[in-house]
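In what follows, a structure is listed as structure tokens, so that the remarks can point back to it.
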Amino acid sequence: MSVIAIPPTGDFHPALRRLAAMVELTDADRVALRGAVGRERSVKARGELLQEGKPIRERLLVLSGWAARVRILQDGRRQIINFLLPGDLIGNCSHANPLAPSTVAALTPLTVCSLPDPATSPTLCEAYALSAATETAYLMAQIVRLGRMTASERVEDLLLELMERLEITGLAREGHYAMPITQETIADALGLTSVHVNRMLQRSRQAKRLRWARGAMEIAAPAEMRRDVGRMPVRVSQ
């Protein structure tokens, strides 16, 4: 099962596609963003990009790999608050002297870059604001998932969300996308045990609704799954 991806060249780098989908970037914006991508840096899996309660020093763009916002309880239990995928922003704050509300940790090897100052461009400022609003919408979806959905609905709704977010960057198509995380990680995001997640995945697999093998996910009929779990499109602007 192959995953169709748009190659990361020029303005068509997957991460830049997400920003370009939010606003019409100017030529100057594109030049500035290409320059930022050219200064990318790597983060090892399990490396921390932000620490809860510590100052946020810069606004980062995820270029490749997956990260997550996490909270660790006193006894070591982990709650993944949301996932950060290529094109997502880290430390995207507009107030003075911001502190990180959660730890941000790499789930896989990452590449990131520091983004241009929004004060240099009204369109970049708008793109960053829309990115923040979109993340808030996904956080609300996560609250509903954890608070009101059944275990099977939680799993399928999250898999649909990941697909939809990756589609924007060209990293998912026709229900296919790379899935570089484990069932245990999914469990930490959904407030379930890994055994329960496995059971729900087996149920969906037996119903021929999805297939997860060798690090790739295939959702057989996304429209049908959306209808069954009651998933609505995320919209933050007219």
Side-chain angles (χ1 to χ4, degrees), residues 6 8 10-41 43 49-50 52 55-70 80-107 110-144 158 160-172 177 189 232-238:
I6 294 172
D11 285 343
F12 294 101
H13 191 291
L16 300 188
R17 275 184 172 259
R18 181 175 181 271
L19 288 175
M22 293 181 172
V23 296
E24 187 172 348
L25 298 171
T26 67
D27 290 342
D29 295 334
R30 293 174 183 274
V31 169
L33 289 169
R34 281 199 298 268
V37 170
R39 296 185 293 274
E40 71 177 38
R41 59 186 190 264
V43 180
L49 295 98
L50 291 177
E52 183 178 347
I56 297 173
R57 303 297 186 189
E58 58 184 337
R59 181 182 283 104
L60 297 174
L61 177 68
V62 179
L63 296 174
S64 67
W66 289 31
R69 299 190 188 280
V70 300
I80 290 179
I81 300 165
N82 69 338
F83 292 101
L84 294 163
L85 310 178
D88 288 336
L89 275 60
I90 299 170
N92 185 24
C93 302
S94 57
H95 58 287
N97 305 315
L99 299 177
S102 67
T103 294
V104 174
L107 298 174
L110 286 181
T111 58
V112 299
C113 69
S114 182
L115 281 171
D117 189 332
T120 62
S121 166
T123 48
L124 283 181
C125 186
E126 178 69 6
Y128 298 168
L130 287 170
S131 183
T134 301
E135 182 170 359
T136 297
Y138 285 127
L139 287 172
M140 291 182 178
Q142 171 74 338
I143 292 169
V144 174
L158 177 60
L160 285 169
E161 178 187 299
L162 295 172
M163 180 195 73
E164 292 163 5
R165 292 169 62 186
L166 290 167
E167 282 176 339
I168 296 170
T169 56
L171 296 173
Y177 58 94
M232 301 295 291
V234 172
R235 297 181 61 188
V236 298
S237 180
Q238 293 185 343

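The shown structure was predicted, so the numbers you read here are calculated from the model rather than taken from an experiment.
Separation of atoms OH (Tyr138) and CD (Glu164) is listed at 6.5 Å; rounding is to 0.5 Å. With rounding to the nearest 0.5 angstrom, the CD1 atom of Ile80 is 9.0 Å from the CD atom of Gln142. Within the model, atoms CG of Leu162 and CZ of Phe83 stand 6.0 Å from one another, a figure rounded to the nearest 0.5 Å.
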Steps toward side chain to side chain contact (heavy atoms under 4.5 Å, CB included) verdict (Arg30, Leu33): CA-CA 5 Å; Arg30 293 174 183 274; Leu33 289 169; 5.8 Å; no

Val23/Leu130 under side chain to side chain contact (heavy atoms under 4.5 Å, CB included): CA gap, chis, key distance, verdict: CA-CA 9 Å; Val23 296; Leu130 287 170; 3.8 Å; yes

Verdict with supporting geometry, Ile90 and Val62, side chain to side chain contact (heavy atoms under 4.5 Å, CB included): CA-CA 8 Å; Ile90 299 170; Val62 179; 3.7 Å; yes

Worked check of side-chain hydrogen bond (donor to acceptor under 3.5 Å, both in side chains) between Asp29 and Thr26: CA-CA 5 Å; Asp29 295 334; Thr26 67; 3.0 Å; yes

Arg18 vs Glu167, salt bridge (Lys or Arg N to Asp or Glu O under 4.0 Å): CA-CA, chis, key distance, verdict: CA-CA 9 Å; Arg18 181 175 181 271; Glu167 282 176 339; over 6 Å; no

Side chain to side chain contact (heavy atoms under 4.5 Å, CB included) assessment of Thr111 paired with Arg41: CA-CA 5 Å; Thr111 58; Arg41 59 186 190 264; over 6 Å; no

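Under a 3.5 Å cut-off, the side chain of Glu126 and the backbone N or O of Met22 do not form any donor-acceptor pair. Of the possible donor and acceptor atoms, one in the side chain of Thr136 sits under 3.5 Å from a partner among the backbone N and O of Ala132. Arg59 contributes no side-chain N or O that, together with a main-chain N or O of Asp117, makes up a donor-acceptor pair within less than 3.5 Å. Within the 3.5 Å criterion, the main-chain N or O of Leu166 finds a donor-acceptor partner in the side chain of Thr169. Remark: side-chain polar atoms of Asn92 are paired, donor with acceptor, to backbone N or O of Tyr128 under 3.5 angstrom.
Under the 4.5 Å side-chain criterion, counting only non-hydrogen atoms from C-beta, Leu124 is in contact with Pro116. With a 4.5 Å cut-off on side-chain heavy atoms, Cys113 and Arg39 do not count as touching. In this structure, Thr103 and Leu50 have side chains that are not in contact, with every pair of non-hydrogen atoms separated by 4.5 Å or more. Put simply, the side chain of Ile81 does not reach to within 4.5 Å of the side chain of Val70, judged on heavy atoms. Within the 4.5 Å cutoff, no side-chain heavy atoms of Glu135 are placed close to those of Leu89. Taking 4.5 Å as the limit, some side-chain heavy atom of Pro86 sits within range of a side-chain heavy atom of Leu171. No side-chain heavy atom of Leu60 sits less than 4.5 Å from a side-chain heavy atom of Leu115. Between Pro14 and Arg17, the closest side-chain pair of non-hydrogen atoms is not below 4.5 Å.
In summary, Asp88 and Arg165 engage in a salt bridge, as defined by a charged side-chain N under 4.0 Å from a carboxylate O. Arg69 has no carboxylate O lying under 4.0 Å from a charged side-chain N of Glu52, or vice versa, which leaves the two without a salt bridge.
Contact between Ala67 and Leu110 at its shortest, heavy atoms only, is CB-CD1, 3.8 Å. Residues Ala127 and Leu19 approach most closely at CB-CD2, 4.1 Å, considering heavy atoms. Closest approach of Gly91 to Ile56, counting heavy atoms only: CA-CG2, 3.7 Å. Scanning all heavy atoms of the two residues, the minimum distance from Leu63 to His13 falls at O-CE1, 3.3 Å.
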